[in-house]
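Here's the structure, in structure tokens; my notes come after.
Count residues from 1 along the sequence.
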Amino acid sequence: QAQLEESGGGLVEAGGSLTLSCTASGNVFAINDMGWYRQAPGKERELVAQIGSSGTTNYADSVKGRFTISRDNTKKTAYLEMNSLKLEDTGVYYCYARVYGMDYWGQGTLVTVSS
């Protein structure tokens, strides 16, 4: 079993920045992919960014060039640096981690971008 704890969400003005963190704990010795999905009000959950154990990254087109995902395997932590935030980036951001073929999810952290 793995538990994921997220932090870093909040309220920010458009054009501002936030960094999300996601730390895995529990019986975790090898984490494959880590990343974030987000869900805006009235919309389906969508992939924002993911990073493999070797550092390979993948981003949604809407965040390319603005968001950067990274990870520290020694800390079992992934980071999502979000810059040039837009109103449409508002939503609940859910961290996930794939461990031994199973996906684990964080509780979600709210990011609100205001005008």
Side-chain angles (χ1 to χ4, degrees):
Q1 287 281 8
Q3 294 81 43
L4 301 181
E5 182 173 354
E6 302 158 344
S7 61
L11 174 64
V12 63
E13 291 186 351
S17 300
L18 282 176
T19 297
L20 306 183
S21 299
C22 174
T23 299
S25 61
N27 189 21
V28 178
F29 299 100
I31 302 173
N32 293 327
D33 293 346
M34 296 186 76
W36 272 269
Y37 281 70
R38 69 184 177 193
Q39 188 164 20
K43 294 188 177 181
E44 294 186 354
R45 192 176 295 191
E46 63 174 353
L47 175 67
V48 177
Q50 63 187 165
I51 183 167
S53 57
S54 62
T56 302
T57 58
N58 181 44
Y59 296 93
D61 288 342
S62 59
V63 307
K64 285 180 180 177
R66 300 188 297 121
F67 290 12
T68 301
I69 190 170
S70 60
R71 63 191 284 175
D72 184 334
N73 291 330
T74 63
K75 296 181 178 180
K76 301 176 184 177
T77 298
Y79 305 94
L80 183 68
E81 180 181 352
M82 304 184 293
N83 298 311
S84 302
L85 283 161
K86 302 177 180 180
L87 297 179
E88 53 264 40
D89 294 319
T90 293
V92 179
Y93 284 67
Y94 296 93
C95 171
Y96 83 94
R98 182 160 295 166
V99 181
Y100 306 124
M102 293 188 62
D103 289 345
Y104 295 88
W105 294 88
Q107 78 284 359
T109 185
L110 178 62
V111 172
T112 303
V113 183
S114 64
S115 59

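- Applying the 6.0 Å contact sphere to CD of E5 captures no more than 12 heavy atoms from other residues, nucleotides or ligands.
- Hydrophobic clustering (side-chain heavy atoms under 4.5 Å, transitive across Ile, Leu, Val, Met, Phe, Trp, Tyr) groups V48 together with V12.
- Note that NZ of K43 is 8.0 Å distant from CD of E88, once rounded to the nearest 0.5 Å.
- The aromatic rings of Y96 and Y37 stand perpendicular to each other, their planes meeting at an angle above 60°, with 30° marking the opposite boundary.
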Inset, instruction - Run the numbers on L11 and L110 for side chain to side chain contact (heavy atoms under 4.5 Å, CB included), then give the verdict. - result: CA-CA 8 Å; L11 174 64; L110 178 62; over 6 Å; no
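- In this structure, CG in N58 is found 6.0 Å from CG in L47, a value given to the nearest 0.5 Å.
- Pairing each heavy atom of S84 with each of R66, the nearest pair is O-NH1, 2.9 Å.
- Hydrophobic clustering (ILVMFWY, side-chain heavy atoms < 4.5 Å, transitive): I31 and Y79 are in distinct clusters.
- Not a single donor-acceptor pair under 3.5 Å links the side chain of R71 to the backbone N or O of S54.
- Residues N83 and S17 share a closest heavy-atom pair of OD1-OG, 2.8 Å.
- To the nearest 0.5 Å, the span separating CH2 on W36 from CD on E6 amounts to 7.5 Å.
- Transitive grouping of hydrophobic side chains (ILVMFWY, heavy atoms separated by less than 4.5 Å) brings Y104 and I69 into a common cluster.
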Legend entry - Residue pair R45, R38: steps toward the side chain to side chain contact (heavy atoms under 4.5 Å, CB included) verdict: CA-CA 5 Å; R45 192 176 295 191; R38 69 184 177 193; over 6 Å; no
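- Evaluation of the disulfide (SG to SG under 2.5 Å) test over residues 21-84, restricted to residues two or more places apart or in two chains, returns C22-C95.
- Looking at heavy atoms from C-beta onward, S7 lies out of side-chain contact with L20 at the 4.5 angstrom threshold.
- No chain of hydrophobic side-chain contacts below 4.5 Å, direct or via other Ile, Leu, Val, Met, Phe, Trp or Tyr residues, connects L18 to Y94.
- Partners of Q107 by side-chain hydrogen bond (donor to acceptor under 3.5 Å, both in side chains), not counting sequence neighbours: none found.
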Legend entry - Step-by-step side chain to side chain donor-acceptor pair (under 3.5 Å) determination, S21 to T77: CA-CA 7 Å; S21 299; T77 298; over 6 Å; no
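- The hydrophobic cluster containing W105 also contains V92, counting ILVMFWY residues as joined when their side-chain heavy atoms lie under 4.5 angstrom apart, directly or transitively.
- One distance of note links CD of Q50 with CG of L80; it measures 12.0 Å at 0.5 Å rounding.
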Inset, instruction - Go through the steps to decide whether V113 and E13 satisfy the test side chain to side chain contact (heavy atoms under 4.5 Å, CB included), and finish with yes or no. - result: CA-CA 5 Å; V113 183; E13 291 186 351; over 6 Å; no
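- Between Y93 and Q39 the shortest side-chain heavy-atom distance does not fall below 4.5 Å.
- Checked against a 6.0 Å centroid threshold, the rings of F67 and Y59 do not count as neighbours.
- Scored by the salt bridge (Lys or Arg N to Asp or Glu O under 4.0 Å) test, R98 finds D103 as partners (sequence neighbours excluded).
- Between the OG atom in S25 and the CD atom in Q3 there is a gap of 4.5 Å [rounded to 0.5 Å].
- For the residue pair N32/S53, the side-chain donor-acceptor check at 3.5 Å is not satisfied.
- In summary, K86 and D89 do not engage in a salt bridge, as defined by a charged side-chain N under 4.0 Å from a carboxylate O.
- No hydrogens or angles considered: nothing links the side chains of T112 and T90 as a donor-acceptor pair under 3.5 Å.
- Separating the CD atom in E81 from the OG1 atom in T68 is a distance of 5.5 Å, to the nearest 0.5 Å.
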